[in-house]
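Accompanying notes for the structure given below.
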Amino acid sequence: MNIKDTIRTIPDWPVKGIMFRDITTLMQDPDAFREACDQLYERYAEMEIDKIAGIDARGFIFGSVLAYKLDVGFIPVRKKGKLPYKTVTENYSLEYGNNEIELHEDAVSKGEKILIIDDLIATGGTVKAAVNLVEKLGGEVVECAFVVELPDLKGREKLKGYPVFSLVQFEGE
Ligand code: AMP
């Protein structure tokens, strides 16, 4: 089962020049979806993890399956304005303008080991903001995991000092 072949690429979406890597085609294929979740599970089964932080919105899908399989808690890192309780907020820049993401301030306890997960790492700006949120609350980021990595955009450099893991890479294509 090659899960990379199940990911659809949409050129020039949402804006010209972007090759959008669409994981909906991976998820609608039950063999590919299971394979992706199983590979993530195998990587983290023996690692000491207290909670999984999934990034809004596609990080919720893989993150919650993994949290269930690992029998650990799941915490949603959400776009601003969605969480009902007290939050901590982090600003980050996108290709056009800025965005903010938030975590409930009681989502992480001091010293907890947190795995951060999203569907894709491009420049790394989004996940770095999530790392900052976890650390603001006293958590320790054990790794950042992705289904897809775009190495050309050098997201790993933004995450220097933090382990990064990805299932599939699209490089120069
Ligand atoms: P970045 O902060 O640049 O690492 O962007 C990562 C976030 O934007 C992830 O939540 C992705 O879902 C989304 N994203 C960025 N670039 C792409 C792309 N080429 N294809 C699909 N999703 C993308």
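Owing to the predicted nature of the structure, the values given are computational and were not obtained by experimental measurement. Counting starts at 1 for both ligands and their atoms, in listed order.
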Close approach of Gly155 to ligand 1, heavy atoms, under 4.0 angstrom: no
Per-residue contact class, Asp119 against ligand 1 - non-hydrogen pairs under 4.0 Å: side chain
Any Ile55 heavy atom less than 4.0 Å from ligand 1: no
Closest candidate by heavy atom, reference atom 12 (O) of ligand 1, pool Glu149, Met19, Arg58: Arg58
SB check Asp119 Arg21 (cutoff 4.0 Å): no
Ile23 heavy atom under 4.0 Å from ligand 1: no
Ion pair check, Glu173 and Lys4, cut-off under 4.0 Å: yes
Protein contact to atom 22 (N) of ligand 1 [nearest heavy atom, distance to 0.1 Å]: Phe20 CE1, 3.4 Å
Validation row, ring centre Phe62 to ring centre Phe33 under 6.0 Å: yes
Polar contact flag for Ala122 and ligand 1 (N/O pairs, less than 3.5 Å): yes
Per atom 6 (C) of ligand 1, closest listed option by heavy atom (Val147, Thr123, Leu120): Leu120
Cationic N near anionic O, under 4.0 Å, Asp50 to Lys113: no
Nearest non-hydrogen protein atom, atom 20 (N) of ligand 1: Arg21 N, 3.0 Å
Test item: side-chain donor near acceptor, Lys136 and Asn132, under 3.5 Å: no
Which of the ligand 1 atoms, numbered from 1, are nearer than 4.0 Å to a heavy atom of Asp118: 9 (C), 10 (O)
Arg58 CZ to Ile117 CD1 distance, which is reported to the nearest 0.5 Å: 13.0 Å
Heavy atom of protein closer than 4.0 angstrom to atom 8 (O) of ligand 1: no
Check: Ile18 N/O within less than 3.5 Å of ligand 1 N/O: no
Interfacing atoms of ligand 1 (cut-off 4.0 Å, heavy-atom, Thr126): 1 (P), 2 (O), 5 (O), 6 (C), 7 (C)
Flag, side chain of Asp56 to backbone of Lys79, donor-acceptor distance under 3.5 Å: yes
Shortest non-hydrogen separation from Leu159 to Lys128 and the atoms involved: CD2-CD, 4.0 Å
Under-4.0 Å heavy-atom contact with ligand 1, by part of Leu94 that carries it: neither
Under 3.5 Å donor-acceptor, Lys51 side chain and Ala107 backbone: yes
Sub-4.0 Å atoms of ligand 1 with respect to non-hydrogen atoms of Leu150: 19 (N)
Residues, nucleotides or ligands: over 12 heavy atoms within 6.0 Å of Tyr68 OH: no
